[in-house]
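Everything below concerns the one structure shown next.
Every value quoted in this text rests on a predicted model; they were computed, and no experiment measured them.
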Amino acid sequence: MRKKILLPNGCSCSTPSVYPSNWKIGGKSLLKKKWYINYYFYDPEFPKPKQVVIKGMNEYSNLEDRRNATKLIYEDELKALKELGYNPFTKRNFCEIEKPKNELHKDLNIIEAFRLSHDKLKKSVSKDYFNEIRIAINRFEKGARELRMLNIKIKDFKRSELKTILEYLNLTDHYFNKFRSYLSSLFNELVEYDCCEHNLTRDIRKRKIIKKVRETLEIEHLKQIAEYLKEEQPYFYRYMMIFFYSGARSSELLRIKKCDVNIEKQEYKVIIEKGRQHTETIKIILPDALPFWIELINQAKTNDYLFSIKLKPGSTTIDPVQITRRWNYHIKSKMVIHNNQIIEKSNLKKDEKGIPVTADFYSLKHLFLDKVDASSENYENISSRLASHTTPNITNSVYLINKKKREREKLKNLKIDFLEERA
DNA sequence: ATTCCGTGAACGCTCACATG
DNA sequence: CATGTGAGCGTTCACGGAAT
């Protein structure tokens with residue numbers, strides 16, 4: 001009996017034989033015969049073996065050529081069987097078939113399943129959110145590892161086990177809930193791919209959160225800070241004024257290019273990135289902010305971002321986090337309130353203690369928006385209009401577009417006595 | 001030496017929808 | 001119409017490198 005040869009994917013074959021058997025040494029009379037290579041292929045998925053016969057060598061009528069051809073065919077066939085996983089039943093090379101390696105299936109362990117599921121979200125969620133989920137999975141994996149729960153298969157994963165891991169992670173209430181929602185996104189995918197029956201997170205209670213009030217500043221103090229920044233950090237001051245008067249997010253402002261701004265119309269456009277759709281939105285420039293915009297535009301080249309490095313026009317974008325850092329660096333860590341005045345910490349006398357400035361930059365936006373609403377009795381909810389949150393339904397309606405246009409025209413004339421020195 | 005910027009991680013807030 | 005949920009975007013902190 002010839003030896004069986006083991007092949008990829010649990011298949012095997014008999015050692016191919018060549019007819020005539022004395023093909024290597026026989027004389028010219030062999031040329032009268034029809035040569036062939038013969039072997040049997042075994043695939044556990046098929047009940048009977050398949051007999052394979054190859055005859056390509058017979059087109060050579062010279063004995064040497066036929067021998068060589070046979071040898072080549074023989075070697076090629078073996079190579080195809082062993083290395084490419086050629087399967088005579090399916091006529092495909094098993095090893096070259098796109099493996100469902102990246103596919104979700106219920107036998108994956110929980111972390112593998114989470115990671116694959118996470119990968120599927122890439123197309124539909126923001127970069128940030130995608131990243132946050134990745135971070136959450138990392139942390140989850142760490143917990144599961146420490147609890148020796150890494151090897152649980154996704155199909156066997158139990159609510160109680162999920163709960164155990166989550167509890168073990170010692171998350172704050174808020175982050176616990178966030179975590180829960182990250183995992184929920186993952187489970188939604190997993191359920192769709194039949195990896196599990198339910199979205200297990202749904203059965204885990206959310207934790208109660210106590211809302212904190214954001215610290216803010218007195219308007220008077222903010223004015224003083226603005227004065228200070230005007231002298232010491234004019235670019236930051238300029239940004240701050242535009243930010244406050246715009247009602248926009250830093251992430252939006254930092255993406256604006258010179259060509260997005262139309263000074264004559266008092267308008268600029270921003271791109272709001274939500275999911276896959278990036279929506280362009282027109283926002284207006286309030287009269288009080290106009291000088292700052294003009295200054296920026298004059299300093300910028302056409303393709304410049306208005307707020308690049310150092311918050312000056314330039315060719316690169318910067319991370320919105322820079323705004324917070326500036327605020328921390330220049331205000332929070334340097335300035336204190338003393339005798340109801342904002343002063344530099346270093347100017348305090350020895351035994352004097354100031355009240356630290358704790359308000360964060362963003363909280364001041366709310367302060368300002370309140371002010372906007374208050375100073376514009378006629379236009380209720382101006383601030384949300386400034387922020388211009390749109391929904392798809394609204395943008396689709398011509399009537400509403402015109403209405404929005406009219407509203408914008410009104411805003412263009414709105415004056416607010418914010419941070420204005422009065423004579 | 002000081003200032004600024006980038007990145008990863010953790011955590012916080014809130015709008016816009018879906019849901020009931 | 002109130003409430004829950006998903007998603008986007010915000011801050012804080014630590015570390016480290018580049019520019020000035």
Side-chain angles (χ1 to χ4, degrees), chain A residues 118 121-143 169-189 199 201-216 232-233 235-236 239 243 247-255 270-279 281 305 307-312 314 316-334 357-366 369 381 383-395:
Chain A
H118 174 231
L121 288 174
K122 188 166 200 166
K123 280 171 273 168
S124 54
V125 302
S126 81
K127 220 177 71 218
D128 285 356
Y129 190 60
F130 185 73
N131 193 37
E132 282 168 45
I133 297 179
R134 185 182 54 75
I135 292 161
I137 298 175
N138 290 345
R139 183 146 174 198
F140 193 87
E141 182 175 22
K142 213 174 134 216
L169 294 179
N170 249 335
L171 307 166
T172 60
D173 291 345
H174 205 282
Y175 199 42
F176 180 92
N177 290 345
K178 193 83 189 276
F179 227 83
R180 191 178 156 280
S181 88
Y182 292 145
L183 292 178
S184 175
S185 308
L186 297 175
F187 272 110
N188 284 340
E189 291 292 319
N199 186 332
T201 55
R202 300 232 191 276
D203 304 323
I204 290 183
R205 229 170 309 158
K206 274 178 94 172
R207 290 186 181 165
K208 292 219 168 77
I209 306 289
I210 299 153
K211 256 195 191 175
K212 282 186 192 149
V213 182
R214 256 199 164 160
E215 301 211 39
T216 183
E232 303 294 326
Q233 295 284 328
Y235 301 135
F236 190 21
Y239 178 80
F243 176 80
R249 299 187 175 97
S250 283
S251 59
E252 292 163 9
L253 291 177
L254 296 186
R255 277 201 300 264
V270 291
I271 293 157
I272 295 168
E273 294 178 4
K274 260 190 181 176
R276 254 177 145 172
Q277 284 130 348
H278 292 191
T279 331
T281 308
Y305 293 97
F307 302 102
S308 184
I309 289 166
K310 300 202 173 187
L311 297 181
K312 288 193 289 190
T316 53
T317 53
I318 59 171
D319 195 302
V321 81
Q322 299 307 343
I323 306 302
T324 308
R325 287 175 179 158
R326 271 168 206 279
W327 181 257
N328 289 340
Y329 188 79
H330 293 293
I331 303 300
K332 277 185 161 178
S333 63
K334 265 193 198 163
V357 176
T358 52
D360 57 52
F361 190 74
Y362 219 66
S363 75
L364 305 180
K365 181 183 167 178
H366 301 304
L369 290 178
N381 221 1
S383 56
S384 69
R385 242 174 263 166
L386 270 173
S388 74
H389 292 112
T390 56
T391 66
N393 305 351
I394 287 177
T395 46

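- The residue A:K310 sits close only to the backbone: its heavy atoms come under 4.0 Å of sugar-phosphate atoms, none of a base.
- Separating the NZ atom of A:K178 from the P atom of C:dG4 is a distance of 18 Å, rounded to the nearest angstrom.
- Contact annotation: A:N328 side-chain N/O to C:dT12 OP1/OP2 distance is under 4.0 Å.
- Between the CG atom of A:L253 and the C1' atom of C:dC9 there is a distance of 13 Å, rounded to whole Å.
- An angle of 20°, rounded to 10°, separates the two end axes of the helix from B:dA1-C:dT20 to B:dG20-C:dC1, each defined over five pairs.
- A donor-acceptor contact under 3.5 Å is formed by the side chain of A:R325 with the base of B:dG6.
- Annotation for A:Y235: atom OH does not count as buried by contact number, only 12 or fewer foreign heavy atoms lying within 6.0 Å.
- Residue A:R134 places at least one side-chain N or O under 4.0 Å from the OP1 or OP2 atom of B:dA9.
- Contact annotation: A:S184 reaches the phosphate of C:dG6 (side-chain N/O to OP1 or OP2, under 4.0 Å).
- Each of C:dG10, B:dA9, C:dT12 was ranked by its minimum atom distance to the side chain of A:V321; first place goes to C:dT12.
- Side chain of A:T324, nearest nucleotide from C:dC9, B:dC4, C:dT12: C:dT12.
- Ranking B:dA10, B:dG6, B:dT7 by closeness to the A:Y175 side chain, first place goes to B:dA10.
- Considering only side-chain N and O atoms, A:S185 lies nowhere under 4.0 angstrom from the phosphate OP1 or OP2 of C:dG6.
- Within the 4.5 Å cutoff, the side chain of A:I135 has no heavy atoms near those of the A:Y182 side chain.
- Across B:dA10, B:dC4, B:dG6, the shortest atom-to-atom separation from the side chain of A:Q322 is found for B:dG6.
- Checking the phosphate oxygens (OP1, OP2) of C:dT12, a side-chain nitrogen or oxygen of A:K332 falls inside 4.0 Å.
- Taking side-chain N and O atoms only, A:H330 has no distance below 4.0 Å to OP1 or OP2 of B:dT2.
- For A:Y329, counting side-chain heavy atoms from C-beta on, the closest listed nucleotide (B:dC11, B:dC4, B:dA9) is B:dC4.
- Comparing A:F130 and A:F361 against DNA chain C, the residue whose closest nucleotide sits nearer the 5' end is A:F130.
- Counting only distance, with no hydrogens or angles, the side chain of A:R326 and the backbone of A:F236 share no donor-acceptor pair below 3.5 Å.
- You'll find the ring centres of A:F243 and A:F361 inside the 6.0 Å limit.
- Partners of A:F179 according to the ring-ring contact (aromatic ring centres under 6.0 Å, His included) rule, which considers only residues two or more places apart in sequence or in another chain, are A:Y175.
- The A:R180 side chain lies nearest to C:dT5 when the options are B:dA9, C:dT5, C:dG8.
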